[in-house]
Every structure is written in structure tokens, then in C-alpha cells.
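Working notes, beginning with the structure itself.
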Number of protein chains: 2
Amino acid sequence: MTTMKDVASAAGVSTATVSRVLAGHAAVKPETARRVHDAASSLGYVLNPLARSLRQQRSPVWALVIADIGNPFLTQVARGVEDVARTAGYSVLLCNTDEDPEKEDGYIAIADQYRVAGLLITPTSTRAAVDGLLARGVPVVAMDRPLGSSASDTVLIDSRRAAREAVTGLVDAGRRRVACITGPRRVFTAEERVLGYREALQDSGVEVDEDLVHYAGFNEAGGRAAAQALLDAGPVDGVLVANSLMAVGVLGVVRERGLRAPEDVEIVAFDDAPWTSLLAPSVRVIHQPAYALGRSAAELLLDRLEQPGREARTVMLTATLDPTPTPASTPASSKDPTTT
Amino acid sequence: MTTMKDVASAAGVSTATVSRVLAGHAAVKPETARRVHDAASSLGYVLNPLARSLRQQRSPVWALVIADIGNPFLTQVARGVEDVARTAGYSVLLCNTDEDPEKEDGYIAIADQYRVAGLLITPTSTRAAVDGLLARGVPVVAMDRPLGSSASDTVLIDSRRAAREAVTGLVDAGRRRVACITGPRRVFTAEERVLGYREALQDSGVEVDEDLVHYAGFNEAGGRAAAQALLDAGPVDGVLVANSLMAVGVLGVVRERGLRAPEDVEIVAFDDAPWTSLLAPSVRVIHQPAYALGRSAAELLLDRLEQPGREARTVMLTATLDPTPTPASTPASSKDPTTT
DNA sequence: CTGAAAGCGCTAACAA
DNA sequence: TTGTTAGCGCTTTCAG
């Protein structure tokens, strides 16, 4: 393993000079710089970032702790974060918690140990253990869900409003038994969506039937289980589903039971994955600006890195109810950039 | 920032002893160990892994370089890798190349610089620049696609055979104009699937019409573009699609053109995401053992870490053509574990 | 413009 | 069983 010392002796200078040349700043005679570069490349020298970070007391890495790598919404968020991070020269260490508070705390601890320059998280627990980071002055940005300790920057999406709007639409369209299938109780967005649902019903003077509200895992299995329980209990003509993965589970059940959507039951779900418009029992979707969320969060982090002192900021983005899908034409609308 | 030295003086011992206590190995008097632990926890000490890695010349991190974080097949692979890594005490640095050879080489260089303990990759280029790692004795495992330099362990899925089987099925069912929509030319699996397609046609004595073979991006946009071009050129009654994301694009076009599937055109696609069985124009899927692929790859890496000398090994897994979907019942078959 | 030297926080011989 | 010591590879004063 060739080190800076090797390069230094090959170029006939000190390691200090090599360091200066490689870093770019600090004035070095061009002639010397050239010799160093030549030596470095001919030796195939590659800088050891561990040593550099040890010395500098910071590493150019961000930890991105997300709740579910299988959730298209969150992978879009990750893309947004990564794109900004990369252009700013940071690498992103992606960690997957599977909505498990213990795994979450474990990853935060690892990030802590690694002295990451910043942490972005979609907290699964409101009390995610980020105090250590914060105390040490490491910026933490909460994405999609707030953290208990509000000393950190936060980017949210107003999903409560969107939920309310969607449910109001269902009721206005004449749906009488509208249910709500949402994520785990502990999770902020899961609760927000239920709140929006309740508000809409109250606005419309419809009494909330608690049997129509189901909490479950934020994934296909959760959606499936909730739908089974819901439909076993009685008929329903509208459902608000908290994310696209759950929607898949719900639709599976709907299909198996021979129900038609939207005729028998109209389903509105959060998140527009590319495939949502092609689902068999059809779903109306609520678009969430996932990519933009990731970008904003990363920008807040960058900003905070420059002004460590500034007060915490909260950015609120808006979710929009897509127009009812017209089965005949299905434009591949991409409000978020996609890979090409 | 409290260091080991602080803990040492607080506990009235040397840093060497603190290190020994924290590492666990090496015998330390229980009494001393307790004092050290007390000191450490009361000071809120957290070990600096940078320093440790610098000293040990290895870091407990694997780089997982995948081609597309948005591809459900690959996220399942990532889960497999991560589960094995975690139980073995490694963290996984996930990198997303977007099928871009330059980004790929960039990430490999970063992994190289970070002195990762191992690298797992779904190479987008056969000549991914892993020689540096290999030369330094860092294990590299190729997943789903082989690397040019075959000095590395490899886990593949026999998708050529699966493609052949699927296309043979289409022809046997009376389909006469069967097309193939696959990924970028450079990508191994993209080519393999075309090879299987060609073999099937040759077996059946059907001449291969080159206009029916389309290469495109391994994502929704790619599938969409290929399908447009294909259908503009003439009618088709069967299509083999190389992955689920492309299938979404293809189905969108099929639907927009008012074609029915499988009546007018039967579509068989690789990868069974949870939502594939719910797609409107229906698709028959080829199941690939993604999670198992990830696990095998991780196990090969672990194994190689223990026996640096052993010769490279290649594991071949099998893809299976799922039975024709019966629209009425859609069992949520999970051959791969899912989050609950 | 360049070099010497100190030291980031930790681990691993080697002594004691 | 514990301490001393010598670095891992790099950056950064401080001199020159």
C-alpha cells in the first residue's frame, strides 16, 4: 500500500508538500506540484480517507436512514438526497430500518460512531436516539416525519390536508362507508392520514365509525391484513390507503373477493409509483413530491453545515390528489425525475 | 469529544486496558473491567471507528454497488446482502449507479479509497474497474452479472434458460410474432435474455425477425420507448420483457393502444414484484430468487474473507416461470421473505 | 514556497 | 493482569 510518504520521497519533497499539492489550496511552486503529481500517479497512490478524517475530525459521509428500502416513495426520497449530496462531495451511507425502532437506533448509533457529517432520517420512532449527534453539533434532518426533539431541520409533506381532500371527494361522490387503512400507530404520517380522514368526515357531518379505521404495517402484508379484517366486518364503498405498498395488499384482497373498483369500492392511495396507474382494480393516487422532499432535506443539511448556529427550519411540501384515472389513456406522468 | 484517554484516566488505567476491555478479548480483571465500563458510560464515551480502522487497516464495511435502487429485484438483492452482513457485523454502504458505467467506476473508486472489507456489485459494465481492489486482496463478488476479470466470486441466475422456456411456451401456445424487449446491450442479463429468446425460436423452427428485438433502458421509460417502436413497426402477439420496470412501460403502451393482454398480446416479464399480479393488462412473470441471490453473494464474501486464498467460485441459481395467472384468485405468494 | 514535528484516537507488541 | 511504546496515514501549525 503506497502512502503519502512514498510519494514524498519519490518526488523528493516532504509529506507536507504532497498534502498541499493534493489538497489544492496553499501555494506550491508549479514545478514541485508537477513532480508530486507525477510521482503519485506513477506509484498509483490513492489517498487514505480514514487517516484524513481522523485528522480532520469529520468525514465526508452522510447517513441516510430510511424506513423501508422497498417503498418506492422512500427510494425516490433517497434519490433526491443522493443527487444533492453527490454534487456537494458527500457520499451517502444508506441504512434500512424496516420500520423497526431498534434497528433504527442501532443504525443511528453506527452513524454516531462513524462521525458522519450529517444524518437524514425518516424516523420510525418519534424518539429516535439522535440526541448524541445533536449534542455533538452534527446536523440531523428529519424527513417526512418529525422528530420529538425539534432541534433539527425538518421537511414534511402536508399529507393530512391531502387525506382530508381525498376523503371529502369520496363522500361528495356519494360514498357512504369510507374506511381508512393506515400505517403503524407510532408513525407520524400514519396518524396524520387518519386525522385528515376524520376531519373530512366531520366536515361532511358523517359520523366516524371506528371499525372502519385500521392500523397495520406500512407494506403489502399490512394492507392485505387490514383489508381482510375490514371486509370481513362488513361492506365498504370507499377506502383511503396510506401508501402504495399497502394499496397493493388491499387491491389483492379486493380482487380476490370479486369486488370491482371503483364501482363497488373506490380506493384512494398515497404515492404514485410508476405502476399505480396500471393496477387492475384501479386506484386513485395522491402524488407526494418524494424526490423534492429528498432534495430539500439535503439542502437544509448543506445549509446547516455552513451555518451551524442557525435556528431549525421546517419546510412543508404539498401532496396533490391526481385526477381520476381514465382507464383508456394512461400518460406516464413523471412529476419526479426518473432514470433514463 | 471524549476519547479513550479520558476514559482511561477516569478509570485510573491505561488506554491499552480500556481498549482491551472494550474489545472484549484479552484477559482483564473483572474489577478493572467494571471500572472501565462505568467510566466509559458515565462519560458517554463512544469509540472512534475511524481511528480503529486506521490502526487495523480494515473497516467493517462492505460496499454494495447496485445498478438501480428503484428496481424491486435489486432492492430484494440488497436485503439479502444486508441481512447476512448485519449478522456478521458488517455495515453496508449502498451505492446506486443508475446503470451508468462512469458512476459505477466512481463508486468503486470511493469504495477503494475507503478501504472497504469487501465489495458486492451488479456490474453495469463488464469491465468495471475492480482490479485495484482485487490486487489489494479485497474480495469482490459479482451479482446477477459476471465481471470481465473472473478472479471474483460470482452468483448468477440462469435467466437465459428461463427466457427460453418462456418463449417456447408462447410459441407452443400458438403465438406467431413474439418480440423481445430487453435492457442495454452492455448489460449481461439483457443479452442473456435475448439469447434465450433466440434459442427458443430456433428450437421451434421459427425464424428470428430482428425487428422484433429491442434494446432499451432497464426501466419504465426504456420499456415504454421500446414498446412504442415495436408496435409502430407492426403487430405482435407475444412479448418477452427483461424486467418488471420495463414491463410497466410496455403495459402502459399496450393499454394506451387499446390492446388486450393476454388476448391480443401475451406478455411475459422477468421479476415478480408484489404488484405484478395486479397489473391491468396482465403479465405472466418469471420469478427470480433475488433475496437468495443477495444472501449467497454475501455468504461467498464472508467465506472469502476467511479463506483469502481459495479459488473463485460461481453459484448459479434458477429462475422459474410462474403459472399463468388466474385473474380470479391472486395468492400473495412470497418465495422471498418480505417485511412484516 | 517548503520542511519539521506534533498529534488525530486507537491497537498491538513487548515488557513488567 | 496491566502499562509503555510505537505507530496507522494524514494535515497543519510554526519555522525557515
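- The interatomic distance linking B/L50 (CG) with C/dG7 (C1') rounds to 15 Å, in whole Å.
- Remark: side-chain polar atoms of B/D98 are not paired, donor with acceptor, to backbone N or O of B/D100 under 3.5 angstrom.
- Within the 4.0 Å cut-off from OP1 or OP2 of C/dC1, not a single side-chain nitrogen or oxygen of A/T32 is found.
- Under the rule for a ring pair (Phe, Tyr, Trp, His ring centres under 6.0 Å), the partners of B/Y90 that lie at least two apart in sequence or sit in another chain are B/W62.
- Within the structure, a side-chain polar atom (N or O) of B/T17 is placed less than 4.0 Å from OP1 or OP2 of D/dG3.
- In this structure, B/L54 places its CG atom 8 Å from C1' of D/dC10, rounding to the nearest Å.
- For the OP1/OP2 pair of D/dT11 and a distance below 4.0 Å, the side-chain nitrogens and oxygens of A/Q57 include no atom meeting the criterion.
- Terminal axes of the helix from C/dC1-D/dG16 to C/dA16-D/dT1 (five pairs each, C1' rotation axis) are separated by 40°, to the nearest 10°.
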Could you give the side-chain donor-acceptor pairs of residues 49-60 of chain B under 3.5 Å, partners two or more places apart or in another chain?
unit_1	atom_1	unit_2	atom_2	d
B/S53	OG	B/P49	O	2.9
B/S59	OG	B/R115	O	3.4

Can I get a per-line list of side-chain donor-acceptor pairs under 3.5 Å for residues 4-11 of chain B, giving both atom names and the distance, sequence neighbours left out?
unit_1	atom_1	unit_2	atom_2	d
B/D6	OD2	B/T3	N	2.7
B/S9	OG	B/K5	O	3.3
B/S9	OG	B/D6	O	3.1

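- Listed by first then second residue, pairs satisfying ring-ring contact (aromatic ring centres under 6.0 Å, His included) with a partner in residues 37-60 of chain B number zero, not counting sequence neighbours.
- Pairs engaging residues 117-152 of chain B under the ring-ring contact (aromatic ring centres under 6.0 Å, His included) rule: none recorded [sequence neighbours left out].
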Tabulate protein N/O versus nucleotide N/O from nucleotides 10-14 of chain C, keeping only pairs under 3.5 Å, one per line.
unit_1	atom_1	unit_2	atom_2	d
C/dC10	OP1	B/Y45	OH	2.1
C/dC10	OP1	B/N48	N	3.1
C/dC10	OP2	B/M4	N	2.5
C/dC10	OP2	B/Y45	OH	3.4
C/dT11	OP1	B/R52	NE	2.9
C/dT11	OP1	B/R52	NH2	3.1
C/dT11	OP2	B/S19	OG	2.8
C/dT11	O2	B/R55	NH1	2.1
C/dA12	O4'	B/R55	NH2	3.3

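- Residues passing the side chain to side chain donor-acceptor pair (under 3.5 Å) test with A/R295 are A/Y291, sequence neighbours excluded.
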List the atom pairs, with distances to 0.1 Å, where a side-chain N or O of residues 302-316 of chain B and a protein N or O form a donor-acceptor pair under 3.5 Å, not counting sequence neighbours.
unit_1	atom_1	unit_2	atom_2	d
B/D303	OD2	B/R310	NE	2.6
B/D303	OD2	B/R310	NH2	3.2
B/R304	NE	B/D153	OD2	3.4
B/R304	NH2	B/R310	O	3.4
B/R310	NH1	B/D153	OD1	2.9
B/R310	NH1	B/D153	OD2	3.4
B/R310	NH2	B/D153	OD2	3.3
B/R310	NH2	B/L300	O	3.2

